[in-house]
Undergrad: 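Below you will find the structure I want to go over with you.
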Amino acid sequence: NAGVTQTPKFRILKIGQSMTLQCTQDMNHNYMYWYRQDPGMGLKLIYYSVGAGITDKGEVPNGYNVSRSTTEDFPLRLELAAPSQTSVYFCASTPGGPEQYFGPGTRLTVT
Amino acid sequence: AQRVTQPEKLLSVFKGAPVELKCNYSYSGSPELFWYVQYSRQRLQLLLRHISRESIKGFTADLNKGETSFHLKKPFAQEEDSAMYYCALSGSSNTGKLIFGQGTTLQVKP
């Protein structure tokens with residue numbers, strides 16, 4: 001199993017551009033999550049999904065959108081990128097318990 | 001409100017010294033508490049959970065409901081313990097959501 005994979009690893013965006021961060025898991029987990037990690041702020045939940053077709057907002061959803069058309073994939077869409085979205089983004093999944101399995105992260109810079 | 005607080009951004013100790021990473025939480029019900037660790041160039045991973053009451057890599061953590069704390073302890077720090085440590089709380093919802101603290105960087109000097 002590859003576990004949770006994320007692409008790209010790094011990306012630089014200009015203000016106002018859009019992009020999609022990809023997240024895929026091959027463990028058949030129903031639950032998936034997107035976090036952002038800012039220095040000194042810990043991990044903040046952006047969006048989560050409890051199964052295909054079901055998504056919900058987390059603590060910091062503004063400026064982001066998600067979809068969950070399959071169990072495996074949970075892409076995060078940034079529309080009109082802003083400098084405040086410069087961060088490291090982590091995707092995670094779990095079969096249902098609190099032990100979450102994390103991807104390697106995507107480092108995004110918006111300039 | 002549900003909240004996890006880790007008061008120290010950085011904890012620096014010498015090899016062989018005791019380590020205590022502090023975690024306090026705010027939650028009205030009966031939470032589950034966890035410690036996650038992120039070693040350099042590795043993924044964030046679960047270190048231990050309070051309900052298992054186990055020792056992992058020499059680390060232990062006891063849930064103190066009276067003080068609403070879940071401090072992580074190790075009697076003798078090793079250089080390979082250097083990492084970012086996150087305390088996390090799981091509430092009563094069935095969504096698997098975790099609330100993370102701000103994280104503490106542990107630096108173990110030789």
Undergrad: In Å and rounded to the nearest 0.5 Å, what is the OH to CD distance from B:Tyr36 to A:Glu99?
TA: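 If I round to the nearest 0.5 Å, the distance is 6.0 Å.
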Undergrad: Checking the side chain of A:Tyr48 only, and the main-chain atoms of B:Gly96 only, is there a donor and an acceptor separated by less than 3.5 Å?
TA: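 Side chain of A:Tyr48 to backbone of B:Gly96: no pair is present.
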Undergrad: I would like to know whether B:Leu46 and A:Gln100 meet side-chain contact (heavy atoms from CB on, under 4.5 Å); could you show each step before the answer?
TA: CA-CA 7 Å; B:Leu46 179 67; A:Gln100 295 187 7; over 6 Å; no
Undergrad: How about B:Arg3: does its CZ atom have over 12 heavy atoms from other parts shown lying under 6.0 Å from it?
TA: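 Counting neighbours around CZ of B:Arg3, 12 or fewer heavy atoms of other residues, nucleotides or ligands fall under 6.0 Å, so no.
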Undergrad: B:Arg49 versus chain A, heavy atoms under 4.5 Å apart: side chain, backbone, both or neither?
TA: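 Just the side chain, heavy atoms under 4.5 Å.
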Undergrad: Test of understanding: clusters of I, L, V, M, F, W, Y form through side-chain heavy atoms closer than 4.5 Å, transitively. Do A:Phe90 and A:Met41 belong to the same one?
TA: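 No, no single cluster joins them.
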Undergrad: Let me check something: do B:Phe59 and B:Phe70 share a hydrophobic cluster, defined by ILVMFWY side-chain heavy atoms less than 4.5 Å apart, either directly or through other members?
TA: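 In one cluster with B:Phe59: B:Phe70, yes.
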Undergrad: If you apply the rule side-chain contact (heavy atoms from CB on, under 4.5 Å), what do you find for B:Leu44 with A:Leu43, and how did you get there?
TA: CA-CA 11 Å; B:Leu44 194 65; A:Leu43 280 80; 3.8 Å; yes
Undergrad: Does B:Gln45 use its side chain to pair, donor to acceptor, with the backbone of A:Phe102 at less than 3.5 Å?
TA: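 A pair under 3.5 Å: no.
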Undergrad: Using heavy-atom distances under 4.5 Å, tell me whether B:Gln38 contacts chain A through its side chain, its backbone, both, or neither.
TA: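 For B:Gln38, side-chain heavy atoms alone lie under 4.5 Å from chain A.
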Undergrad: Tell me, yes or no, whether the heavy-atom count around A:Ile12 atom CD1, taken from other residues, nucleotides or ligands under 6.0 Å, exceeds 12.
TA: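 Counting other residues, nucleotides and ligands, CD1 of A:Ile12 stays at 12 neighbours or fewer.
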Undergrad: Hey, is CD on B:Glu67 packed in by over 12 heavy atoms from elsewhere, all under 6.0 Å?
TA: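 Not more than 12 within 6.0 Å, no.
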Undergrad: Is it true that A:Phe74 and A:Val50 fall in one hydrophobic cluster, defined by side-chain heavy atoms closer than 4.5 Å?
TA: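 No; tracing contacts between hydrophobic side chains, which count when under 4.5 Å, never links both residues.
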Undergrad: Does a donor on one side chain and an acceptor on the other come within less than 3.5 Å for B:Tyr86 and A:Gln37?
TA: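 A donor-acceptor contact under 3.5 Å links the two side chains.
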Undergrad: Kindly work out whether a path of hydrophobic side-chain contacts (I/L/V/M/F/W/Y, heavy atoms less than 4.5 Å apart) joins B:Ile56 to B:Trp35.
TA: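 B:Ile56 and B:Trp35: one cluster.
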Undergrad: The test is side-chain contact (heavy atoms from CB on, under 4.5 Å); show your working for B:Leu98 and A:Tyr35 and say whether it passes.
TA: CA-CA 10 Å; B:Leu98 292 173; A:Tyr35 296 92; 4.1 Å; yes
Undergrad: Any idea which heavy atoms bring B:Arg43 and A:Gly103 closest together, and the distance?
TA: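 Between these two residues, the closest heavy atoms are NH1-CA, 3.6 Å.
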